[in-house]
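One structure is given here, and the rest of the page talks about it.
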There are 2 protein chains.
Amino acid sequence: MAKRADVLDLAVLGLLHDSPLHGYELRKRLATVLGPFRVLSYGTLYPCLKHLSEQGWITSSDVAPGAGRRARIVYELTAAGKEHFDALVDESGPASWEDESFGVRFAFFARTPTEVRLRILEGRRSRLEERLDSISTSVARSRERADQYTLELQRHGLESVQREVRWLNELISHERGETPPRDT
Amino acid sequence: MAKRADVLDLAVLGLLHDSPLHGYELRKRLATVLGPFRVLSYGTLYPCLKHLSEQGWITSSDVAPGAGRRARIVYELTAAGKEHFDALVDESGPASWEDESFGVRFAFFARTPTEVRLRILEGRRSRLEERLDSISTSVARSRERADQYTLELQRHGLESVQREVRWLNELISHERGETPPRDT
DNA sequence: AATTTCATGTAATTCGTTACATGATTCC
DNA sequence: GGAATCATGTAACGAATTACATGAAATT
C-alpha cells in the first residue's frame, strides 16, 4: 500500500528516469515537479536517496572532480527502480496518497501508458466531485451561522474545484479522442 | 514569532470566540474553517486543547450528562485568549505561516478590523505575485527539457494563481471602496 | 441486537523542517 | 579578498497521523 513518503520516491525516480543526476541538481528539478513553491530541504532529500539506494532502486557513484566541476555523487536508476516507478505511478491507494501524488504523476505522463493516464485523471476527477459534495453539505449545514466572509471563502473554494473538474474533463476527452501530444 | 502550530490555535480560538464548544463539536466545525477536505484527528485536537488550557487562553469545564445529552468537556475562551487571538490574526511572520493561515484568518474576517483585513489580503497578493515570478522563471529554465504534459501542468498552475490574484484584487477594492459586508 | 454516532483521550510512528557542520569553486 | 553558489550530509526538533483504548447513547 502506498504511503505518503512514496510521493518523494516517485518524484526522484521519475527525474532519474531521464538521466542520472546528483543531489544538488535533483533538488532544483524537484521544485518543478512538486510545484515551484515547495523547496525540499537536504534533510529530506539525502535520507531519501540513501533509502532508495538501500532498496536497490538507484545506484550511486562518485564522480571525480573533472575540468571545472567538483566531486559529486551521481545517482542512477536501476532496472528494479524502473519497475518500482511504474508500479508507483499505476498504484491506487487511499485518497490522500492519490491527492498528493497527482501532480507528480501528471508531470511524468509522457512516460505513462494512455490507459493509466486515464485512470489517474478520472480518479482525480471523482475525488474532486466528492469534495464538491462535501462542500455543498457543509455550506448547507452552516448557512445560518456563517457570515459574508465565510460564505465568500466557501464560494471561492467551490469555484476553484469546479474549474479543476472542467480542466480534467478537457484532458480526459483529449486522451480519449486523439493521439496524445507525445508518446514514448 | 508565529509558528506552524499556531494555525490550529488560531482556528480553535476563533471558533470559541462565538460560543463555548466541546472537542467533538469543535472538530466538525474546524472542517469548515480549515477547508472541508481536511479532517483533523483527535490525536492533534486534544493535545492542542490541553496546550491552550495550560497557556490560560481557554478554560475547560465538565458538563454533567443532562437530558438526552451525555457528559462532555466544554471549552471557553478567556480574556487572555481573546487577546492572543487578536495578536495571532494581526501577526505577520514567515511566508509559510502567512500562506497556511490565510484561509483561517479570512474565515474570521467578520471580527477583524478593516485595516488588518487589508494587510492580510495585500500580503497574500504579494506572495502570490512572487510565486508567479518564480513559476515564470522555472518555466523559462526548463522549456527545452519539458514535454507537453509538464507544460500543461505549469500552465494550469499559473492560471490558478492568476485567478486568485484577481479574486484578491476584487476583495481589496471592495474593502477600500465601501462599507464592509458586516462589521462587528 | 447490532451498528452508528457521540465523546475523550494516549502511544508510537512518520514526515519533514531548521539549524548545524564542512568545505571547494567561481564570480566580483 | 569576500560573497555567492556548488555540494553533501547529520542532529534535534516539531507537527500531525495512525492505531490503540474505552465506553455510553441513539438509531435501525
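In what follows, chains are A, B, ... by sequence order, proteins preceding strands, each numbered from 1.
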In whole angstroms, how far is the [atom2] atom of [N] from the [atom1] atom of [X]?
{"X": "A:I73", "N": "C:dA24", "atom1": "CD1", "atom2": "P", "answer": "16 Å"}
{"X": "A:R72", "N": "D:dA7", "atom1": "CZ", "atom2": "P", "answer": "5 Å"}
{"X": "A:Y42", "N": "C:dA21", "atom1": "OH", "atom2": "P", "answer": "19 Å"}
{"X": "A:D62", "N": "D:dG9", "atom1": "CG", "atom2": "P", "answer": "8 Å"}
{"X": "B:L40", "N": "C:dA7", "atom1": "CG", "atom2": "P", "answer": "17 Å"}
{"X": "B:W97", "N": "D:dG14", "atom1": "CH2", "atom2": "P", "answer": "17 Å"}
{"X": "A:L26", "N": "D:dC6", "atom1": "CG", "atom2": "P", "answer": "14 Å"}

Legend entry - N or O in side chain of A:S41 less than 4.0 angstrom from C:dT17 OP1/OP2: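 Checking C:dT17 against A:S41, a side-chain N or O does come within under 4.0 Å of OP1 or OP2.
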
Legend entry - Below 4.0 Å: OP1/OP2 of D:dC6 and any side-chain N or O of A:Y24: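 Yes, because at least one side-chain N or O of A:Y24 sits under 4.0 Å from OP1 or OP2 of D:dC6.
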
Legend entry - Neighbours of DNA chain D within residues 44-55 of chain B, by heavy-atom distance under 4.0 Å: B:T44

Legend entry - DNA chain C-proximal residues of residues 10-22 of chain B, any heavy atom under 4.0 Å: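 Going residue by residue through residues 10-22 of chain B, the ones with a heavy atom under 4.0 Å of DNA chain C turn out to be B:H22.
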
Legend entry - B:L15 with B:V63, same ILVMFWY side-chain cluster at under 4.5 Å: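 No, no single cluster joins them.
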
State the [atom1]-[atom2] distance between [X] and [Y], to the nearest 0.5 angstrom.
{"X": "B:L171", "Y": "B:R166", "atom1": "CG", "atom2": "CZ", "result": "13.0 Å"}
{"X": "A:L118", "Y": "A:T112", "atom1": "CG", "atom2": "OG1", "result": "11.5 Å"}
{"X": "A:D9", "Y": "A:H84", "atom1": "CG", "atom2": "NE2", "result": "5.5 Å"}
{"X": "B:L13", "Y": "B:E83", "atom1": "CG", "atom2": "CD", "result": "12.0 Å"}
{"X": "B:T150", "Y": "A:F106", "atom1": "OG1", "atom2": "CZ", "result": "8.5 Å"}

Inset, instruction - Run the salt-bridge test on B:R119 and B:E98 with the 4.0 Å N-O cut-off and return the result as yes or no. - result: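 So B:R119 does not pair with B:E98 through a salt bridge.
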
Legend entry - Pairing of A:D99 and A:R124 as salt bridge, 4.0 angstrom limit: yes

Inset, instruction - State, without any angle test, whether A:S136 and A:D133 hold a side-chain donor-acceptor pair at a distance under 3.5 Å. - result: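 No.
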
Inset, instruction - Would you mind telling me which residue lines up with the more 5' stretch of DNA chain C, B:K28 or B:Y75, judged by nearest nucleotide? - result: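 Checking each residue's closest nucleotide, the 5'-ward one belongs to B:K28.
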
Inset, instruction - Just report the end-to-end axis angle for the helix from C:dA1-D:dT28 to C:dT14-D:dA15, five pairs per end, to 10 degrees. - result: 30°

Inset, instruction - Pick base, sugar-phosphate or nothing for B:G23, based on heavy-atom distances below 4.0 Å to the nucleic acid. - result: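 Since only primed, P, OP1 and OP2 atoms lie under 4.0 Å of B:G23, the category is sugar-phosphate.
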
Inset, instruction - Over 60° means perpendicular and under 30° means parallel, so classify the ring planes of B:W167 and B:F102, tilted if in between. - result: perpendicular

Inset, instruction - Dump the intermediate steps for side chain to side chain contact (heavy atoms under 4.5 Å, CB included) on A:H17 and A:F85, then the final yes or no. - result: CA-CA 9 Å; A:H17 217 289; A:F85 173 78; 3.7 Å; yes

